[in-house]
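For clarity, every value in this text was computed on a predicted model and none was experimentally measured.
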Amino acid sequence: MDTLRQTIVSPGRDAESFLVEAISVLHANGAESERAERRTRQLAHALGLNARVELGWSWSDFSFGDHSVRGSSAVPSGVASNRVFAVDRIINELDTGLAALADAWERLRWAAVLPPPHLAVFAAACVAGGCGLAVIFGIRGTTALAVIAVCCAAGAFVRRGLAHRGANAYTQSAAAALVAGLGAAISGGAGSAVGLIALCPCLILVPGPHLLNGSLDIAALRIPLGASRLVYAAAVMTAITAGLLVGLRLGQAHLATDISGPGVPLWVEVPTAGFLAVAYGVFYGVPLRVLYWPCLVGGAAHAVRWTVAQTGADAWVGAGLACLFAGLVLVPVCARWQLPFSTIGFASVVSLLPGVLLFRALAGFAQLPSTAGAPGGQLLVETADNASSAALVLLAMALGFLVADAAWTHIRSASSPS
């Protein structure tokens with residue numbers, strides 16, 4: 001083994017270039033920053049280098065001892081777990097001496113261009129995600145579910161078509177949301193108020209892994225990168241909002257401020273949440289062999305939220321405790337089996353997002369300019385309440401994951417030899 005390592009590792013420019021390219025692929029495709037830094041150390045050891053990385057949004061610096069600094073312009077705006085898994089495998093085999101650097105180069109080039117899920121699979125996952133959210137939100141009518149399915153599938157085809165033509169994430173998200181708004185307006189009739197039918201196809205567009213990665217970066221004091229991730233996520237969500245409002249306007253409809261659905265029993269919510277987690281994992285490119293983790297944890301997290309809700313606690317308490325539970329389970333699991341925590345973690349709790357509150361607030365802000373007098377004041381209060389409640393739920397979810405990550409980090413530090 002040692003002889004093989006000596007023959008495949010030749011510290012120098014070629015090895016340095018390989019490290020930069022490999023970590024850039026991880027960074028650009030949704031790997032959390034801690035994972036990319038850990039892989040940098042592992043790969044540097046395997047290649048006989050002294051390397052460190054400072055990750056950024058549009059530029060990352062790689063330092064190699066005292067003699068060279070290299071940069072990478074990889075932008076972490078994508079989520080492709082299949083590419084992350086492929087690069088992880090290459091690094092592991094280099095570290096154990098099972099692969100040669102020349103062969104690793106070829107495999108890295110292949111890993112960097114692995115295609116996303118097939119269009120039919122992607123569309124099916126989008127349909128499953130949108131309809132799963134609809135069931136959790138209380139929609140039971142087959143007509144409404146059929147409309148949501150059509151909007152989700154149409155949005156998937158639009159997004160892939162625009163992506164093949166070089167459109168950015170803002171354009172893709174806005175176009176898919178426009179389709180959802182227009183479809184919901186047509187199904188509800190001109191001049192009507194629509195709600196969950198428009199909401200569900202838009203919620204599958206939310207850039208959850210970027211929100212989670214950004215929160216983790218902020219907590220780890222990677223402030224510039226974390227802030228950039230969060231700003232990017234906010235920009236994508238703004239594009240979704242704009243597309244939805246334009247679609248509703250074209251259909252001569254508006255978004256209802258009283259979006260709500262009946263309560264869902266536990267025996268319906270738990271398996272639906274697990275099914276939904278699998279759907280999200282599929283269109284994030286998570287390999288099928290590990291999708292049972294978000295399925296099981298997602299269902300259990302919803303059971304935690306449902307149980308807390310029965311005590312009369314506020315929504316943010318249940319969401320925060322559910323994310324704390326999911327984090328406590330998934331952080332060591334992802335570390336043990338080298339799974340992408342950002343995608344699997346978000347897939348497990350995606351249906352806890354305060355989508356109803358966000359869209360109530362959105363509808364209120366859209367109606368405020370045309371509402372005067374006492375109704376306008378009441379609408380302002382309701383809109384502010386919905387917006388603040390949504391923000392509180394999102395904060396509690398982020399804190400749940402952060403506390404779990406900090407707890408396991410402390411445990412690892414305490415148990416490691418000094």
Side-chain angles (χ1 to χ4, degrees), residues 16-44 51-63 69-92 94 104-117 122 159-160 162-164 166-173 205 207-217 220 222 224-236 280-281 283-287 334 338-347:
E16 292 177 3
S17 298
F18 181 86
L19 186 145
V20 171
E21 292 298 324
I23 303 305
S24 296
V25 174
L26 291 178
H27 186 49
N29 288 286
E32 54 270 22
S33 300
E34 192 277 333
R35 182 191 191 92
E37 291 179 354
R38 185 174 67 251
R39 288 302 194 182
T40 299
R41 294 190 294 269
Q42 180 184 3
L43 186 55
R52 59 180 298 272
V53 61
E54 184 175 345
L55 298 170
W57 179 259
S58 58
W59 190 261
S60 300
D61 287 319
F62 293 81
S63 303
V69 176
R70 294 193 174 200
S72 169
S73 59
V75 176
S77 59
V79 180
S81 295
N82 55 338
R83 297 177 182 175
V84 173
F85 273 86
V87 175
D88 278 345
R89 190 177 304 113
I90 295 169
I91 295 175
N92 286 338
L94 278 173
W105 264 115
E106 295 301 320
R107 293 174 59 191
L108 178 61
R109 296 187 182 99
W110 167 80
V113 295
L114 279 174
F122 178 70
R159 289 163 66 188
R160 277 293 178 85
L162 291 173
H164 284 308
N168 59 29
Y170 308 134
T171 304
Q172 296 176 42
S173 299
L205 305 172
H210 297 293
L211 291 170
L212 182 53
N213 273 337
S215 300
L216 293 173
D217 283 336
R222 303 183 189 93
L225 177 57
S228 297
R229 291 188 194 271
L230 295 178
V231 169
Y232 173 73
V236 172
Y280 269 78
F283 61 70
Y284 286 146
V286 177
C334 290
Q338 300 178 347
L339 307 178
F341 176 69
S342 58
T343 50
I344 289 181
F346 177 73

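Side-chain N or O atoms of Asn213 include none that pairs as donor or acceptor with a backbone N or O of Ser33 at under 3.5 Å. Formation of a donor-acceptor pair under 3.5 Å by the Arg159 side chain with backbone atoms of Gln172 is not found in this model. With Arg107 contributing its side chain and Ala86 its backbone, the two residues share no donor-acceptor pair below 3.5 Å.
Residues Phe122 and Pro117 come closest through the heavy atom pair CB-O, 4.2 Å. Residues Pro76 and Leu225 approach most closely at CG-CD1, 4.4 Å, considering heavy atoms. The minimum heavy-atom distance between Phe346 and Leu212, with the atom names listed, is N-CD2, 4.1 Å. Gly226 and Asp217 get closest at one heavy-atom pair: CA-CB, 3.5 Å. Contact between Pro115 and Asn82 at its shortest, heavy atoms only, is O-ND2, 3.0 Å. Scanning all heavy atoms of the two residues, the minimum distance from Ser77 to Tyr232 falls at O-OH, 3.6 Å.
Atom CD of residue Glu16 and atom CZ of residue Phe62 lie 11.5 Å apart, to the nearest 0.5 angstrom. In this structure, Ile23 CD1 and Arg41 CZ are separated by 10.5 Å, a value rounded to the nearest 0.5 Å. From Ile344, atom CD1 reaches atom CG of Leu339 across 4.0 Å, with rounding to the nearest 0.5 Å. Between Leu55 atom CG and Thr40 atom OG1 the span is 6.5 Å, to the nearest 0.5 Å. Between the CG atom in Leu108 and the CD1 atom in Ile90 there is a gap of 5.5 Å [rounded to 0.5 Å]. The CG atom of Asp88 sits 10.0 Å away from the OG atom of Ser81 when rounded to the nearest 0.5 Å.
In this structure, the side chains of Asn92 and Gln42 come closer than 4.5 Å at one or more pairs of heavy atoms. You'll find the side chain of Arg35 stays beyond 4.5 Å of the side chain of Cys334, heavy atoms only. Looking at heavy atoms from C-beta onward, Arg70 lies in side-chain contact with Ser17 at the 4.5 angstrom threshold. Between Val87 and Asn29 there is no side-chain heavy-atom pair separated by less than 4.5 Å.
At most 12 non-hydrogen atoms from other residues, nucleotides or ligands lie less than 6.0 angstrom from CD of Glu54.
Judged purely by distance below 3.5 Å, without hydrogens or angles, the side chains of Arg229 and Ser215 never pair a donor atom with an acceptor atom.
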Handout entry: Intermediate values then yes/no, side-chain contact (heavy atoms from CB on, under 4.5 Å), Glu34 and Arg222
Key = CA-CA 10 Å; Glu34 192 277 333; Arg222 303 183 189 93; 3.9 Å; yes
Practice task
Go through the steps to decide whether Ile91 and Leu26 satisfy the test side-chain contact (heavy atoms from CB on, under 4.5 Å), and finish with yes or no.
Solution key: CA-CA 11 Å; Ile91 295 175; Leu26 291 178; 4.2 Å; yes
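Ring-plane geometry between His210 and Trp57 is classed as perpendicular, the angle between the planes exceeding 60 degrees on a 0 to 90 degree scale with a lower cut at 30.
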